[in-house]
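Structure record follows, encoded as structure tokens.
Protein chains get the first letters and strands the later ones, always in sequence-line order, with residue 1 at the start of each.
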Amino acid sequence: MSISTKYNPKEVEQKWYDSWLQHGFFHSEPNPHKEPYTIVIPPPNVTGVLHMGHMLNNTIQDVLIRRARMQGKEACWVPGTDHASIATEAKVVAMLKERGISKADLTRDEFLAYAWEWKDKYGGIILEQLKKLGASCDWERTRFTMEDDLSEAVIEVFVDLYRKGNIYRGVRMVNWDPQGGTALSDEEVIPKETMAKMYHLQYEVVEEGASSEPAYITVATSRPETIMADVAVAVNPNDKRYKHLHGKQVRIPLLGRVIPVIQDEYVSIDFGTGALKVTPAHDLNDYELGQKHKLPTIDILNNDGTLNEQAQLYVGQDRFAARRNIVKDLEVAGLLVKTEEYQSVLQTSERTGAVIEPRLSMQWFCKMDELARPALDAVMNDDIRLYPPKFKNMYRSWMENIRDWCISRQLWWGQRIPAFYLPDGSFVVAPNAEEALQQARKQSDNNNLQASDLRQDEDVLDTWFSSWLWPISVFNGFKDPDNKDICYYYPTNDLVTAPEILFFWVARMIMAGYEFRNEMPFRNVYLTGIVRDAQGRKMSKSLGNSPDPLDLIEQYGADGVRAGMLFSSPAGNDLLFDEKLVEQGRNFSNKIWNAYRLIKGWEVDETLPCPNETAIRWFESRFNEAFAQLEDHFSKFRISDALLVVYKLVWDDFCSSYLEMIKPAYQQPIDRQSIDATIGFLENVLKVLHPFMPFITEEIWHDLKERKPKEFLIIAPWPKKDKSDKSLVVEMERVLNVVGAIRNIRNAKNIPSNKPLDLAVKVVSGTVYEPFLSIIAKLANVGDISFVAETQDGAISFVEGGDEFFIPMEGNIDMAAERERLTKELEYTKGFLVSVQKKLSNERFVNGAPAAVIAGERKKQSDAEAKIFAIEQSLASLQ
RNA sequence: GGGGUGUUAGCUCAGCUGGUUCAGAGCACCUGCCUUACAAGCAGGGGGUCACUGGUUCGAACCCAGUACGCCCCA
């Protein structure tokens, strides 16, 4: 035989992927005779490259879609990417820099031309990488959130929501990057642990009458340069130290402006000095405090992080320079009581590294309360199911406390907000400039208004404002709401994504589904865990602890990597990735490969009778049993468990047991019935393996026999549930235990495996061993098997299922050791019997427990009694 | 600070309705094997006070309460 003993994935993966593509197996069209099964991919960032999280996520989607396809459903997996405003702009800016061009020198249109150039050249690499993994996406349906149809949908939705009163402009605290000159979303902000200084400043209390000695209150702050923006000092109403200050006023140091002392339970008594300066324009918590107490806001910062005229002092200085200077001046004025170091978290920009400035600015918002209601209900009443369900609670708490969604971004790459400002500062919202002009003329009552008088909002919409429409927009559900695709594929079936974006994306898709199509976007949401390294650290570029997925595929094969990822990834739990898992996956590929080599190598002798009927009947039952478990796991999205069932079926039952049972002696032929049955079993095994390991299974499928032109495993029918002979499975389990016991004795006594042993059986249980004798003989290398009525002398014995087994030892038995072993087992069994008897003599147990449980206990009792009797006899024979 | 969730073998985790197989799996580990499909393998083996303390129950890894520690989300 010339086939390699090692499976070589490189030779087969590209071949089969190309072949599947050529045959159009990934492509789907609405088919009224078939049930649709649809997944939309969580669109990766167009600038992205494949990382371990994508691998896990997309492997799971591929497993689901491949199984559905084999089940005969019209399986459609829609791929695509999102335009990722911020990340892409950063890439484009970097590209321009290399060419010596600055973004500031370009018009918006020029910049966008470069952005498209970048996207066409480098964008979407990740989709090509997914092909290496074996992802069976319908590539003809690939979408991109910035393409025309999807952009139109975004604008249409914006206008629609605006007209319904769900979109408004307002001032809000945003993460401002003074260096980048834009607001950032929370996800683009990186917290960094740093040592910061806490400054204790004295605010003079304003006394009514003329008092000789001024009183002070000490306020702790890490940002002394913001005192010019203070509008109050807050204390906890329960703080006894400050009771006398309630209703009083204090003076800001250096500046002298008078501000009130307010009371709020928000202030923690033991942090700092228990007195908090309130600066609504420059701190989110202070902002909320300010809103609550109806305080004004004073913004002392410019876009670039320098102080403006509002500050009155240090105007024009950078915030950090101003901090240094004011600390000096406070010290000189004797108002700085002390400075202490403390550990704090500094928010920095992912893009520029600059320290983020919480800052009030005018932004566009989408109202959430009405949109959220149906989306909350759908999940709470299980119309949409989350796997694992523990995320329901998290989902609820978020949806019940939802805040309005800031949807504007100060960027160019994205859908530009369709708001048009009139010369008088008012604005209209319209899908295009022409309609905007019509509306503007009406609104201003000025028919002379020209298009050139209108100025479109400079900002673009948050990328999520595109992604939340994804399950609808990929099927053109906005442009053409009754088209064949959307009617057939929507609602989609399963969504597979990471819990981190449960709110940003999943919840919003659900809202959009109900708002724009009156229907859920998907029925099930499978939430994967985060891929971490073996030490539990999140994989990141800066730590350098993430392996390159393509290297792994190169090294272990796509099938090995897929299996490895799934071995340890229960839904919703983080996956501690270890290359060992992938190695295990590769080893599994090899095991399958070698089982195939064995079968492939057999010569058939048509004249031979079949000696393997029991083995064949057993494996058939065993397969059906495992298949039922597999289906059960799939129905509950236990993908990892599903793989493990198949893994054990293949490795333990098929390879270690079944093939060993039927394997002819070396270079002997096999009979027709056995080979046919075995090939049938292998085909079934390949089918259930295929979703997990598509390449090797397709390869063996085709190598195994001549196939018709369209007879591919990828579209072969998924097995059907079938009966299994439960008692046969149980009996075989007992037989395999006997085999194990004999092997154990062989090992313990150092008897070489090629030396046949004899076996005597004293049947007590009534079990009929005859059909299994040849199996025992083969697997345990037993020569002569005899049935006896009496306990055998001069033999090593063991008990299985109440029956006694003896292996004659021709007198060289260590009597003492045997006695010790048997005595130990006897004692254990007696102890076990006592506990069972105790239970059975407890009246309340006998009255209270279900009949089946009691019957079980009685069986335990009689089994134990039989075993004790047998061991005692053996012991007696050793005297 | 609020909410969620977890703690089972050296590691990662199952254990689904409290009761057949209740203490499991995979990996790792130990012993012996290059036995003609596979050393990326074969055969066998050891290993756990189910975090702790109480309670409910005939019966608890499982239900309840508290404690300790961990993680996640929100602020």
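By the side chain to side chain contact (heavy atoms under 4.5 Å, CB included) test, A:V582 pairs with A:Y556, A:V561, A:F577, sequence neighbours left out. Listed by chain and residue number, A:R617 satisfy the salt bridge (Lys or Arg N to Asp or Glu O under 4.0 Å) test with A:D725 (two or more places apart in sequence, or in another chain). Remark: A:F619 pairs with A:F654, A:Y658, A:F681 by the ring-ring contact (aromatic ring centres under 6.0 Å, His included) rule, at least two apart or across chains.
A donor atom on one side chain and an acceptor atom on the other are found under 3.5 Å apart for A:R597 and A:N594.
Here the nucleotide nearest the side chain of A:R597, chosen from B:G44, B:G41, B:C38, is B:C38. For A:Y666, whose side chain is taken as the heavy atoms from C-beta onward, the closest listed nucleotide among B:A43, B:U36, B:A14 is B:U36.
Taking atom C1' on both B:C58 and B:C72, the two are 40 Å apart, rounded to the nearest angstrom. Nucleotides B:A23 and B:G15 place their C1' atoms 9 Å apart, quoted to the nearest Å. Here, B:A51 and B:U12 have their P atoms 15 Å apart, quoted to the whole Å. B:G10 and B:G47 have their C1' atoms separated by 9 Å, with the value rounded to a whole Å. A gap of 24 Å separates the P atoms of B:U31 and B:U36, to the nearest Å.
Salt-bridge formation is detected for the pair A:K663/A:E660: a Lys NZ or Arg NE/NH1/NH2 atom is positioned less than 4.0 Å from an Asp or Glu carboxylate oxygen. Taking the charged nitrogens against the carboxylate oxygens, A:R622 and A:E625 do have a contact shorter than 4.0 Å, which makes a salt bridge.
Scanning atom types as modelled, one donor and one acceptor separated by under 3.5 angstrom connect the side chain of A:R586 and the base of B:A40. One N or O donor and one acceptor, one from the side chain of A:K591 and one from the base of B:C38, sit under 3.5 Å apart.
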Name the pairs: protein N/O against N/O of nucleotides 4-7 of chain B, kept only if under 3.5 Å.
from, atom 1, to, atom 2, distance (Å)
B:G4, O3', A:N393, ND2, 3.3
B:U5, OP1, A:N393, ND2, 3.2

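For RNA chain B, runs of at least 3 consecutive pairs of the Watson-Crick or G-U wobble type, with both hydrogen-bonding distances under 3.5 angstrom, map to B:1-7 with B:68-74, B:10-13 with B:24-27, B:29-33 with B:41-45, B:51-55 with B:63-67.
Of the side-chain N and O atoms in A:N744, one or more sit less than 4.0 angstrom from OP1 or OP2 of B:G45.
When A:V685, A:L689, A:D559, A:I592 are each tested for a side chain to side chain contact (heavy atoms under 4.5 Å, CB included) with A:T697, only one passes: A:L689. Exactly one residue among A:E731, A:E800, A:R734 makes a side-chain hydrogen bond (donor to acceptor under 3.5 Å, both in side chains) with A:T767. That residue is A:R734.
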Query raised in the report: When every nucleotide of nucleotides 16-26 of chain B is labelled 5' to 3' by its protein contacts under 4.0 Å (heavy atoms), B for base, S for sugar-phosphate only, - for none, what sequence of letters results?
Result: B--BSS---SS

Report task. Report the C-alpha distance between A:E699 and A:Y596 in whole Å, list the side-chain angles of each, state the deciding distance to 0.1 Å, and finish with yes or no for side-chain hydrogen bond (donor to acceptor under 3.5 Å, both in side chains). Result -> CA-CA 11 Å; A:E699 170 74 9; A:Y596 163 65; over 6 Å; no

